[in-house]
Amino acid sequence: FLLVATMVIAGIGTGMALTSLNSFVTGASGKEERGMITSLYGSVRFLGVAAGPPTFGFLMEKSLGLTFLLPAIWTGLVGLLNLFPKRQ
């Protein structure tokens with residue numbers, strides 16, 4: 001019961017975050033490039049949904065520590081990358 005309840009709460013949180021992220025992505029781009037940005041964002045989301053389960057299944061077979069460590073490292077690297085603004 002606890003696992004299902006936790007997954008439901010996590011799913012609701014993810015849905016809320018993705019909705020606001022989609023609004024942020026489309027609002028941050030100009031009208032002339034909005035369609036391209038939205039299409040690219042949707043494609044990347046789809047690839048993540050398609051590649052996520054097999055990737056994490058493979059990682060779980062290799063090592064449970066890797067299953068948590070690799071996404072944490074990746075998230076940290078992307079977070080550090082976002083600290084530096086894009087120069088024009």
Side-chain angles (χ1 to χ4, degrees):
F1 175 76
L2 184 61
L3 177 63
V4 172
T6 304
M7 296 301 284
V8 167
I9 292 170
I12 291 170
T14 301
M16 290 172 65
L18 288 176
T19 302
S20 60
L21 183 61
N22 190 26
S23 297
F24 175 72
V25 167
T26 56
S29 59
K31 287 185 179 183
E32 61 278 349
E33 56 192 18
R34 188 169 292 160
M36 165 97 165
I37 297 295
T38 304
S39 175
L40 181 64
Y41 172 69
S43 298
V44 170
R45 259 182 72 182
F46 175 76
L47 288 174
V49 168
T55 302
F56 277 88
F58 174 77
L59 287 174
M60 287 178 73
E61 288 177 1
K62 297 298 177 190
S63 167
L64 196 57
L66 276 177
T67 305
F68 294 100
L69 188 61
L70 287 177
I73 291 171
W74 179 253
T75 303
L77 289 174
V78 170
L80 286 174
L81 184 65
N82 283 312
L83 288 176
F84 304 102
K86 184 177 91 169
R87 296 182 186 185
Q88 295 182 9

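In this chain, numbering begins with 1 at the start of the sequence shown.
Tracing side-chain contacts under 4.5 Å through hydrophobic residues (I, L, V, M, F, W, Y), one reaches Ile37 starting from Leu18; they form part of the same cluster. Two different hydrophobic clusters hold Phe56 and Leu47 under the rule that ILVMFWY side chains link at heavy-atom gaps under 4.5 Å.
If you take CG on Leu21 and CZ on Arg45, they are separated by 8.0 Å, rounding to the nearest 0.5 Å. With values rounded to the nearest 0.5 angstrom, Phe24 atom CZ is found 11.0 Å from Tyr41 atom OH. To the nearest 0.5 angstrom, Glu33 atom CD is 11.5 Å from Leu40 atom CG.
Looking at Asn82, its side chain does come within 3.5 Å of a backbone N or O of Val78 through a donor-acceptor pair. Counting only distance, with no hydrogens or angles, the side chain of Thr55 and the backbone of Ala51 share a donor-acceptor pair below 3.5 Å. Distance alone, capped at 3.5 Å, is enough to place a donor-acceptor pair between the Ser20 side chain and the Ala17 backbone.
In terms of heavy atoms, Val49 sits closest to Pro53 at O-CD, 3.2 Å.
The only option from Leu70, Leu66, Leu64 that meets the side-chain contact (heavy atoms from CB on, under 4.5 Å) definition with Phe68 turns out to be Leu64.
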Checking side chain to side chain contact (heavy atoms under 4.5 Å, CB included) for the pair Lys62/Thr67: CA distance, chi angles, key distance, verdict? CA-CA 8 Å; Lys62 297 298 177 190; Thr67 305; over 6 Å; no

